[in-house]
Amino acid sequence: MNLTQEQYRYFLKDAVRLTIDFSDTDQSRGEPAPPIEKPAPAGAKRFDLVPVHDWQGIGKVDLTTAIAG
């Protein structure tokens, strides 16, 4: 679905509250928030990352290049 610029503007305006019932959300019903991080499965192998000050031989690279890998 391609949204038009006008649809984006509408969503950002306060008028959106007139068409959406925000009183029936999980938050308004007092539901607990989901965990920030999904827990690791029981028995999963875990290890600590090396602290940044112990990194050796790693040059600087921009994020796009690192992701493109």
Side-chain angles (χ1 to χ4, degrees):
M1 175 173 111
N2 291 331
L3 293 178
T4 66
Q5 188 174 10
E6 200 55 42
Q7 287 171 314
Y8 283 121
R9 283 185 180 148
Y10 172 74
F11 181 75
L12 294 172
K13 290 182 179 180
D14 186 48
V16 74
R17 69 182 170 77
L18 300 174
T19 58
I20 296 176
D21 182 12
F22 288 104
S23 68
D24 193 33
T25 63
D26 287 348
Q27 184 178 12
S28 67
R29 289 192 307 268
E31 297 288 331
I36 293 174
E37 190 174 319
K38 187 175 179 180
K45 188 182 250 185
R46 299 183 69 181
F47 57 94
D48 293 328
L49 298 176
V50 177
V52 174
H53 62 270
D54 288 342
W55 292 358
Q56 295 177 357
I58 300 175
K60 292 189 179 207
V61 63
D62 67 275
L63 180 62
T64 311
T65 303
I67 292 172

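Computed from a predicted structure; not experimentally measured.
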Who are the salt bridge (Lys or Arg N to Asp or Glu O under 4.0 Å) partners of E31, not counting sequence neighbours? none
Sequence-distant partners of [X], side chain to side chain contact (heavy atoms under 4.5 Å, CB included), two or more places apart:
X	value
Q27	T25
V52	W55
P51	H53, D54

Identify, with sequence neighbours excluded, every residue that meets side chain to side chain donor-acceptor pair (under 3.5 Å) alongside [X].
X	value
T65	D62
D21	S23
D24	R29

Remaining members of the apolar cluster that contains L18, side-chain heavy atoms under 4.5 Å: none
